[in-house]
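I have placed the structure first, in the form of structure tokens, so that the comments after it can refer back to it.
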Amino acid sequence: MADTIPDITENPRCASGKARLYIEKSLAGAGAHLTLEKDQSHYLVNVLRMGEGSQVLLFNGRDGEWAARIAEAHKKNCVLELVERTRAQEGLPDIWLLFAPVKKARLDFIAQKATEMGAAVIQPVFTERTIVTRLKDERLQANAVEAAEQCGLVAVPEVREAEKLANLLSKWDERAPGRMILFCDENEGPGATRASLERLAEEGGKGAPLAVLIGPEGGFSPAERDMLRARARTRSPFLSGLASCEPIQRRLRRWRQSG
């Protein structure tokens, strides 16, 4: 992965007011027609009051972004015609977010901000002190899709099924070989972040695939800290005192872009 990462949070397409939709279907080329699902058809025709000839932007995470026009404005099965590709496909920064779930409203916020900040994978983890015990993966995915649509991304992060931290770590080397875990330890004092980043840079870690692990509101248990610190490819203390994924990924981006 290249060291230079686009500043997604300053994307001029954010809040552009243009209708953008993420679809699963292939964007085959100019002149091709495709039919939207019921919910997206309802959104364009009933909510946005669009009619035949109205312009829409489409992306699927594979074929870049395409401009399309409404060919048939049906409320349940709107038909679009592809006009031209407006952007080539762009990948997401190779950073995964592992986080302990929190209450509903904050959980939605985390999914949205993680997407806007460019996380490639969003992985909920249950720790010993995690308060939330049930999680709707489809809700997280829907929030990620909505954030990508609104913020001009042409890719949507992969939202994975929640898993216990111990189970995830036991299979980590098999699932994510070579990926460093950056462990956010709230017990560490001032200066821990800088020292950890400097040490990681000295080890040649700036271009390495990374995963940021954020613990629960009550913090990691002593046993979990010991388990994390015992791993060869886990770094802590890291980014202590940061409460959300947004400043963490901002810090990582600045660090990777520095000389």
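This is a predicted model, so every value here is computed, not measured. Values below: every heavy atom of this structure, side chains too, minus hydrogens, waters and symmetry copies.
Note on Y43 and V56: same hydrophobic cluster, where clusters join Ile, Leu, Val, Met, Phe, Trp and Tyr whose side-chain heavy atoms are under 4.5 Å apart, directly or indirectly. F59 and M50 are assigned to two separate hydrophobic clusters, defined by single-linkage of ILVMFWY side chains at heavy-atom distances under 4.5 Å. No chain of hydrophobic side-chain contacts below 4.5 Å, direct or via other Ile, Leu, Val, Met, Phe, Trp or Tyr residues, connects I122 to V154.
Counting heavy atoms from C-beta outward, R129 and E224 have side chains that stay 4.5 Å or more apart. Side-chain contact between T130 and P101 is present, with heavy atoms from C-beta onward closer than 4.5 Å. Within the 4.5 Å cutoff, no side-chain heavy atoms of K25 are placed close to those of L58. Counting heavy atoms from C-beta outward, L165 and L213 have side chains that approach closer than 4.5 Å. T115 has its side chain out of reach of V156: every pair of non-hydrogen atoms, C-beta onward, lies at least 4.5 Å apart. The side-chain heavy atoms of N143 and R139, taken from C-beta on, include a pair separated by under 4.5 Å.
Between the side chain of Q123 and the backbone N or O of E161 there is at least one donor-acceptor pair closer than 3.5 Å. Side-chain atoms of Q89 come within 3.5 Å of backbone N or O of R62 as a donor-acceptor pair. In this structure a side-chain-to-backbone donor-acceptor pair under 3.5 Å is missing from R179 to A211.
The pair R85-D63 does not meet the salt-bridge criterion, since no charged nitrogen lies less than 4.0 angstrom from a carboxylate oxygen. Taking the charged nitrogens against the carboxylate oxygens, E217 and R106 have no contact shorter than 4.0 Å, which rules out a salt bridge.
Atom CD of E128 sits in a crowded spot, with more than 12 heavy atoms from other residues, nucleotides or ligands closer than 6.0 Å.
For the 3.5 Å distance criterion, the side chains of Q150 and E146 qualify, holding a donor opposite an acceptor.
With sequence neighbours excluded, the residues satisfying salt bridge (charged side-chain N to carboxylate O under 4.0 Å, His left out) with R69 are E81.
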